[in-house]
Visitor: 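Got a structure for you, questions after.
Just so it is clear, the model here is predicted, and its values are computed rather than measured. Scope of the values below: all heavy atoms of this structure, side chains included, with no hydrogens, waters or symmetry mates.
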Amino acid sequence: MRNRILIAKPGLDGHDRGAKIVARRLRDAGFEIIFTGIRQRVDDIVATAVQEDVAVVGLSILSGAHLALTTRTVEGLRAAGAADIAVIVGGTIPLGDVPRMQAAGAAAVFPTGTPLDAIVVEVRKLTSAPASP
C-alpha cells in the first residue's frame, strides 16, 4: 500500500487555496502529501510523481484546460512506465465534462463543491488505505 499523494497545480493557474485545503484534509486523514506548488508543467508533475513513488496524482485545475491537462498527465505517466499511478482531478469542472475526463484516464473527478470527506473516501479506495483511527 502506497499512501503518498502528489497535489499539483498544472498550467498557468495561480490560485491554490482549494488545493491546499484538500492537501491538508488528506494529510489529516493519514496520507503523506507532496505539494508541487503553482504553475507546474505536466512533464515536471510526471517526473515528480515517478521520483516520489506516489500512488495518486491530484490535479487542481481552475483554468478551463482541465481536459487537455488531464489527458497530457495520464499520457505522460503511461509514457514514463507509471500507468499504475492514479490521476484524480478537482476544480472548476462542468459536470458534462466528467465522463470525458474519465474516458481520458482520470480515476476520479471532483467538481467544485465536492465534500472533502468524499475525496478522502475515493483516495482510500484508490490506494486501499484503511481508515485512520
Side-chain angles (χ1 to χ4, degrees):
M1 169 192 69
R2 294 183 298 175
N3 72 342
R4 297 175 65 119
I5 312 298
L6 178 72
I7 303 293
K9 294 285 302 175
L12 299 177
D13 180 12
H15 184 279
D16 64 356
R17 184 175 300 175
K20 287 179 177 177
I21 290 169
V22 170
R24 182 174 297 127
R25 180 63 185 98
L26 289 169
R27 181 204 64 201
D28 292 348
F31 293 96
E32 182 179 348
I33 303 300
I34 297 106
F35 185 73
T36 64
I38 60 174
R39 298 185 182 101
Q40 297 296 305
R41 294 177 342 146
V42 169
D43 292 345
D44 295 332
I45 293 168
V46 168
T48 301
V50 171
Q51 179 181 4
E52 294 289 344
D53 191 31
V54 300
V56 176
V57 170
L59 302 176
S60 173
I61 305 171
L62 305 176
S63 65
H66 46 274
L67 188 55
L69 290 168
T70 299
T71 300
R72 287 178 46 217
T73 302
V74 170
E75 289 174 354
L77 288 167
R78 287 180 185 151
D84 62 321
I85 298 175
V87 175
I88 63 174
V89 187
T92 308
I93 300 164
L95 293 177
D97 287 351
V98 172
R100 291 175 47 205
M101 294 179 70
Q102 291 169 326
V109 181
F110 306 105
T112 301
T114 300
L116 293 173
D117 287 341
I119 298 170
V120 171
V121 166
E122 190 61 34
V123 171
R124 280 198 178 116
K125 288 178 191 174
L126 292 170
T127 62
S128 301
S132 58

Visitor: Taking C-beta and beyond as the side chain, do Ile61 and Thr92 meet within less than 4.5 Å on heavy atoms?
Guide: no
Visitor: Identify the heavy atoms of Arg39 and Gly14 that sit nearest to each other, and give their distance.
Guide: NH2-CA, 3.7 Å
Visitor: Check the hydrophobic clustering (I, L, V, M, F, W, Y; side-chain heavy atoms under 4.5 Å; chains of links allowed) and say if Val121 and Leu116 are grouped together.
Guide: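 No.
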Visitor: Counting C-beta onward and ignoring hydrogens, is there a side-chain heavy-atom pair between Ser60 and Asp16 closer than 4.5 Å?
Guide: no
Visitor: Please answer: with hydrophobic residues joined when any side-chain heavy atoms are less than 4.5 Å apart, are Val120 and Ile88 in the same cluster?
Guide: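 Looking at the clustering, Ile88 is in the same group as Val120.
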Visitor: How close do Glu122 and Ala108 get, counting heavy atoms only, and between which atoms?
Guide: CG-CB, 3.7 Å
Visitor: Of all the heavy-atom pairs spanning Phe31 and Thr127, show the shortest one and how long it is.
Guide: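 Distance-wise, the nearest heavy atoms are CE2-OG1, 3.5 Å.
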Visitor: Between atom CD1 of Ile7 and atom CD1 of Ile21, what is the distance when rounded to the nearest 0.5 Å?
Guide: 12.5 Å
Visitor: Using the rule that Ile, Leu, Val, Met, Phe, Trp and Tyr join whenever any side-chain heavy atoms are under 4.5 Å apart, tell me whether Val56 and Val54 fall into a single cluster.
Guide: no
Visitor: Any side-chain heavy atom of Leu95 sitting closer than 4.5 Å to one from Pro111?
Guide: yes
Visitor: Run the side-chain contact (heavy atoms from CB on, under 4.5 Å) check on Thr73 and Val89 step by step: do they pass?
Guide: CA-CA 11 Å; Thr73 302; Val89 187; over 6 Å; no
Visitor: Using a 4.5 Å cut-off on heavy atoms from C-beta on, say whether the side chain of Asp97 contacts that of His66.
Guide: yes
Visitor: Rounded to the nearest 0.5 Å, how far does OG1 of Thr112 lie from CG of Leu62?
Guide: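 OG1 of Thr112 is found 6.5 Å from CG of Leu62.
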Visitor: Atom CZ of Arg124 and atom CG of Leu26: how far apart are they, to the nearest 0.5 Å?
Guide: 9.0 Å
Visitor: Closest heavy-atom contact between Ala80 and Val50?
Guide: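 Taking every non-hydrogen atom into account, CB-CG2, 4.1 Å.
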Visitor: Do Val46 and Leu59 sit in the same hydrophobic cluster, where Ile, Leu, Val, Met, Phe, Trp and Tyr count as joined when their side-chain heavy atoms come under 4.5 Å apart?
Guide: yes
Visitor: Apply the side-chain contact (heavy atoms from CB on, under 4.5 Å) test between Glu52 and each candidate in Val57, Ile5, Ile34; give the one that qualifies.
Guide: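 Among Val57, Ile5, Ile34, the one meeting side-chain contact (heavy atoms from CB on, under 4.5 Å) with Glu52 is Ile34.
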Visitor: Hey, is the main chain of Ile119 close enough, under 3.5 Å, to the side chain of Arg25 for a donor-acceptor pair?
Guide: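 The answer is no, because no donor-acceptor pair under 3.5 Å joins these two groups.
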Visitor: Please examine the side chains of Asp44 and Thr36, heavy atoms only from C-beta on, and report whether any two atoms are closer than 4.5 Å.
Guide: no
Visitor: Working to the nearest 0.5 Å, report the span between CG of Asp53 and CD of Glu32.
Guide: 10.0 Å
Visitor: Rounded to the nearest 0.5 Å, what's the gap from CD1 on Ile45 to CG on Leu69? Could you check?
Guide: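 Taking CD1 in Ile45 and CG in Leu69, the distance rounds to 7.5 Å.
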Visitor: At their closest point, which heavy atom of Ala104 faces which heavy atom of Val74, and how far apart are they?
Guide: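 That would be O-CG1, 3.6 Å.
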Visitor: How about Thr70 and Val109: do any of their side-chain heavy atoms sit closer than 4.5 Å?
Guide: no
Visitor: Hey, is the main chain of Ile38 close enough, under 3.5 Å, to the side chain of Gln40 for a donor-acceptor pair?
Guide: yes
Visitor: Mark yes or no for whether Lys9, through its side chain, and His15, through its backbone, hold a donor-acceptor pair below 3.5 Å.
Guide: yes
Visitor: With the side chain counted from C-beta on, respond yes when Phe110 and Val22 share a heavy-atom pair under 4.5 Å apart, and no when they do not.
Guide: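 Side-chain contact under 4.5 Å: no.
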Visitor: To the nearest 0.5 Å, tell me how far Ile85 CD1 sits from Leu126 CG.
Guide: 12.5 Å
